Amino acid sequence: MSYLAKSPWLIHYDGSSCNGCDIEVLACLTPMYDVERFGIINTGNPKHADILAITGSVNEQNIPIIKNIYDQMLEPKVVIAIGICATSGGIFRECYNVQGGVDQVIPVDVYIPGCAARPESIIDGVVKGLGVLEEKYKKYGKKR
Amino acid sequence: MTTTAITAIIVILYLIGAPILGGILAGLDRIITARMQGRYGPPVWQPFYDVLKLMSKEKAAVNKTQNFYVFCFLLFMIFTGAVFFAGGDLLLVLFALTLASIFLVLGAFSSNSPYSFIGAERELIQTMAYEPMVLITAAGMYLATKSFFVADIAAFSTPLIYYLPGIFIGFVYILTIKFRKSPFDLSTSHHAHQELVKGLTTEFSGPTLAMIEIAHWYENIFLLGIVYLFFAFNPLLGVIVALLTYFLEILIDNSNARVTWQLTMKSAWIVAATLGMANLIIVFFKLSV
Amino acid sequence: MAFLKLAGTVTKRMGMKSACYMYPVVAREFTKTTRGHVELDSADCIYCGLCQRKCPTKAIEVNRQEKNWTIQPLRCIVCSGCVDVCPKKCLRMENTYSSSVTSKF
Amino acid sequence: MSKRTIIPFGPQHPVLPEPIHLDLVLEDEKVVQAIPRIGYVHRGLEKLVEKQEYANMVYVAERICGICSFIHAQTCSQAIEDLLPIEVPERALYLRTIWAEMSRTHSHLLWLGLMADAFGFEALFMHCWRLREKILDMVEDTAGGRVIFGSCKVGGVRVDIEDAKLKDIVIQYNDLEKEIKEITDVFVEDYSVKHRLVDVGVMSKEDAHVLGAVGPTMRGSGVAKDMRTLGYAAYKYLKFEPVVETAGDCYARTKVRIREVFQSIDLIRQAVAQIPGGPIAVKVTGNPTGSSFQCVEQARGDVAYYLKANGTKNLERFRVRTPTFANIPPLLKMLGGCELADVPVIVLSIDPCISCTER
């Protein structure tokens, strides 16, 4: 048993999202949903974060940014793709500058559907991500 | 039992108790803050979960010296508190405190990140802002009790607050800086919602960050210890006032915007110069006449 | 000049119950109009494929020969456009959202 | 000359969740220059007209930005209705107005919260968002979506709001108004807030004109320009005056938005009092031809849509000029010579919406 699942710190990156999912991620932090109940803090710092929440699809410009953030995060870490843009490209899938879902760049652990993803489904997804985090910790602990 | 043995017991109690108390205080802080913001808030043990989690994360330091500096920060912070609770020399305590924060600044400077660099610069400015008031506090306590030893100050029969009301208010003012609370959370902030990301602590991660957290717990307990000194004539009252002060800081934190470093500097020095110095002068003449 | 203008509000909030919905502990009741996910009453469906053609994200696939209707929740933008065009009114917008998954397929 | 530091601001930054990159060249803590770099959110959705039918473009327009979603959909529908051309029923126009104003209140409260966050006032941020959440609940109850309303379509609106529910909205807004007043008073009166806002990022009336600012950014500098006075949707039947402040600093822009929240609530009241009965949509037939230009006031300023059609199912050209795009040159002007601590405040004072800007 580790304490990862009790204190998951989150970093949020907005890929080429429409803001809809972003403000829902932010809304999760605010009084009505208050994810700090689960110990979740929205840190802006990849070095402190355990969960990378990405909204929006990837394009040429932000691929290096996403990779950079992912590499800066310390093991164990979990990636959550929020909203259908981050899972498949969504309505913008056919746009010339959209490469598709986040899973094209970094491994994604949890996919949250919805356009825009509701705060409730984001909370569900993050809770699901905590299970993945715990598993990863076990694997990581063995490596260490 | 000899006085040395009692001192030793107090120091050991401090070494073990301070992080626990400090952690619980931090947890209560987060719950009260959440309630003030209309949220539900985390469990009271949340700070401990955070630190334990940070311990189990991957170790990654920007460079080797960084960890050394942070370790020294923790060490001197513990030393500061230990000397203080052992009843040692107040001046030594304050110098050790400054040394500790300088180590933290050095740790931040040792990385190349511009965020942590500017954060460190701001921390230095903050140190400059609060240091005069801290020294005036020590001087005031000396003038009132004719001793720099914490043990003598604590044992002083007349309530210190009676002599030093201005200094007490001034000290509470700079306590906001020391607790890193809004309006003076310039160098680093609790939730990293500022232009410098996490400022001073941006480049620390994993176990190193956990050390900083623990050092902050020690620091907070020590600072509340100084607040206690003003009301040491009645231990119960002292503890209550210390807790009330902490609550006041949370209230101030939640009803103020972050101000600029210019105002921090200016206001801290004005407070030190007016409240602190005036109080000092009055005490000097009152006691010497 | 007013200092600590919010102090009154925050102290008042301290005595009050938190505004939190307490989501996972307390289940959330969605309104009737909430767009959550698309559901099909396959009994009435004539597999005309109109929904497939109108879907802006091509999330719906209809196979007339095999009488097959599938939707990919990870593509659906819950615009409810398919519900509007369905000639037999056999598509429904449910007010519960589709759940998150750990793998795409 | 002192040493210069370059601070990267974005694309991943806690203060501004949206990806814009600014290289801030600092001398000590003074910003000498701000070099922007954009393109992180560019999707190229204007090109989607070749693949999506014109009616579906409303969905795409709605997803240009999740905060201004409804007004985007409204403008897009208006433009297509202009092309077809069709006459939208009165009730639909009123409903659009009500939703647009609800969207404006929620957007402004969201912005006030983010602004509070930018100057490090966490409790204020939380309280703004707490109030905003009540508006979103009303939106969900009426339109079906939270941030993406999804209730506008070519030819009218997709769902009706019953009269009882409309009355309920007004009652809820009446209660909300008091709470909003309590919170916004902090922005107007609190010392530490004023310390961070007054005389920060000043833009003169001339600059606002020359640099082409729009929306509250412009109205904060004393220019009374509000696209709603053009009288689209139901605004021609409602009484209102553009909100204007003259100081041109962040404080003035904040005050403009605060007053606009109350103005919006008033507009909702007026609209609910006057709303006629009747159908909510007309049948849309045929394909659009010609070109149309629509200008609509969003929460962030005026958005301009240019649509060109050639008589097929797909439009030929779909061009959107969003308010933030127009506000970026004024922003860069304001950033020069400011303090590092003021950068987030100034950036947010134009209410940036990067995904609008880059589409």
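Being a predicted model, the structure only gives us computed values, none of them experimental. Note on naming: letters A, B, ... go to the chains in the order of the sequence lines (proteins, then strands), and numbering restarts at 1 for each one.
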Side chain B/N254, main chain B/I250, donor-acceptor under 3.5 Å: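 Such a contact is found between B/N254 side chain and B/I250 backbone.
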Is the charged tip of A/K6 near the ring of B/W45: under 6.0 Å from the six-membered ring centre and within 45° of its axis?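 No; the conditions do not both hold, so A/K6 does not lie above the ring face of B/W45.
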Checking B/R258 against B/F184: charged group under 6.0 Å from the ring centre and within 45 degrees of the axis?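 No.
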[X] portion near chain A, given a 4.5 angstrom heavy-atom threshold:
{"X": "B/Q46", "answer": "side chain"}
{"X": "B/L54", "answer": "side chain"}
{"X": "B/F48", "answer": "neither"}

Between A/I106 and A/K77, is the side chain to side chain contact (heavy atoms under 4.5 Å, CB included) condition met? List the steps. CA-CA 12 Å; A/I106 50 173; A/K77 55 192 168 190; over 6 Å; no
